[in-house]
Amino acid sequence: MTPSAPAIADGPAIALDALAQLVTTVAEDFPAAGLQPGPADVQETLDELLPGADAGVYVVPAGSGLPRDVFVIVASSLLTTMGAASIDAMPGVVERVINELVGDGDIPDLAAARLGAGLDTVDGLSVSSDGPGAVMVAAGLFAGADHVATVGVAVRPVAPIDAADPVAAEPDASVGPTGGLV
């Protein structure tokens, strides 16, 4: 599926093509040999993100302009081959991936990062059905036919504008015309 601009009446414009290109570039440069990246697609659910129930999940908030979560999910067997003896070592192994997903000019909020295994750790990532402005773009990484990792960005929904509150009704200049992501 080719990412296209969603109909978001109340949220900032999001440059989905640029977001998909970022995720694709990061997936192509993943720090494990011999993996093939899949296409970066808009994700409607969290169902297909995990390559296994015990996959390591690292979610890092970012976004001084457009609030978002960047994430890396790695099958436990791949984590071992990447030099991580346990999920606790995952942040060091994928630090470069997280920094590339956050992008230049922004800082990952490592104090608010989530690290764990399985579906509970991805719970709370935004997908397009979560409200205005919410969107997730992710790409799977494959060893042959086996899904072994996922990288992506989940843009959090924007709060609905309350016309009764003049401060809230003013647009946020920090977001910019393309969502401030690139």
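Start at 1 with the first residue, then count along the sequence.
- In the hydrophobic clustering of this structure, Val94 groups with Leu78; members are Ile, Leu, Val, Met, Phe, Trp, Tyr whose side-chain heavy atoms approach within less than 4.5 Å, directly or through other members.
- With a 4.5 Å cut-off on side-chain heavy atoms, Ser128 and Glu44 count as touching.
- Across Val93 and Gly83, no two heavy atoms sit closer than the pair CG2-C, 4.5 Å.
- Across all their heavy atoms, Arg68 and Val102 have their closest contact at NH2-O, 2.8 Å.
- The distance from atom OG1 of Thr121 to atom CD1 of Ile73, rounded to the nearest 0.5 Å, is 9.0 Å.
- Sorted by first then second residue, the side-chain hydrogen bond (donor to acceptor under 3.5 Å, both in side chains) pairs that include residues 132-154, not counting sequence neighbours, are His147-Thr150.
- You'll find the side chain of Val57 reaches within 4.5 Å of the side chain of Leu50, heavy atoms only.
- Between the CG atom in Leu35 and the CG atom in Asp29 there is a gap of 11.5 Å [rounded to 0.5 Å].
- Taking both residues in full, the closest heavy atoms of Val60 and Pro108 are given as CG1-CB, 3.6 Å, listed atom of the first, atom of the second, then distance.
- Connection of Val70 to Val23 is established within a shared hydrophobic cluster, with ILVMFWY side chains joined at heavy-atom distances below 4.5 Å, either directly or through further cluster members.
- Between Phe30 and Val72, the closest side-chain pair of non-hydrogen atoms falls below 4.5 Å.
- Here the closest non-hydrogen pair linking Pro61 and Arg156 is CB-NH2, 3.3 Å.
- Cluster annotation: Val42 is connected to Leu141 through the hydrophobic network of ILVMFWY side chains, with a link wherever side-chain heavy atoms come within less than 4.5 Å.
- With 3.5 Å as the limit, one finds a donor-acceptor pair spanning the side chains of Gln21 and Thr25.
- Closest approach of Met90 and Ala84 over heavy atoms only: N-CB, 4.4 Å.
- No chain of hydrophobic side-chain contacts below 4.5 Å, direct or via other Ile, Leu, Val, Met, Phe, Trp or Tyr residues, connects Leu19 to Leu125.
- Looking at heavy atoms from C-beta onward, Asp130 lies out of side-chain contact with Met136 at the 4.5 angstrom threshold.
- For the pair Ala138 and Phe71, the tightest heavy-atom approach, listed with the atom from each and the gap, is CB-CZ, 4.0 Å.
- The cluster map of Ile, Leu, Val, Met, Phe, Trp and Tyr, joined by side-chain heavy atoms under 4.5 Å apart, puts Leu115 and Ile98 in the same cluster.
- Exactly one of Val135, Leu101, Asp69, Val137 qualifies for a side-chain contact (heavy atoms from CB on, under 4.5 Å) with Val153. That residue is Leu101.
- Looking at Val97 and Val26, their side chains come closer than 4.5 Å, going by heavy atoms from C-beta outward.
- Scanning for salt bridge (Lys or Arg N to Asp or Glu O under 4.0 Å) contacts around Asp109 gives an empty result, with sequence neighbours left out.
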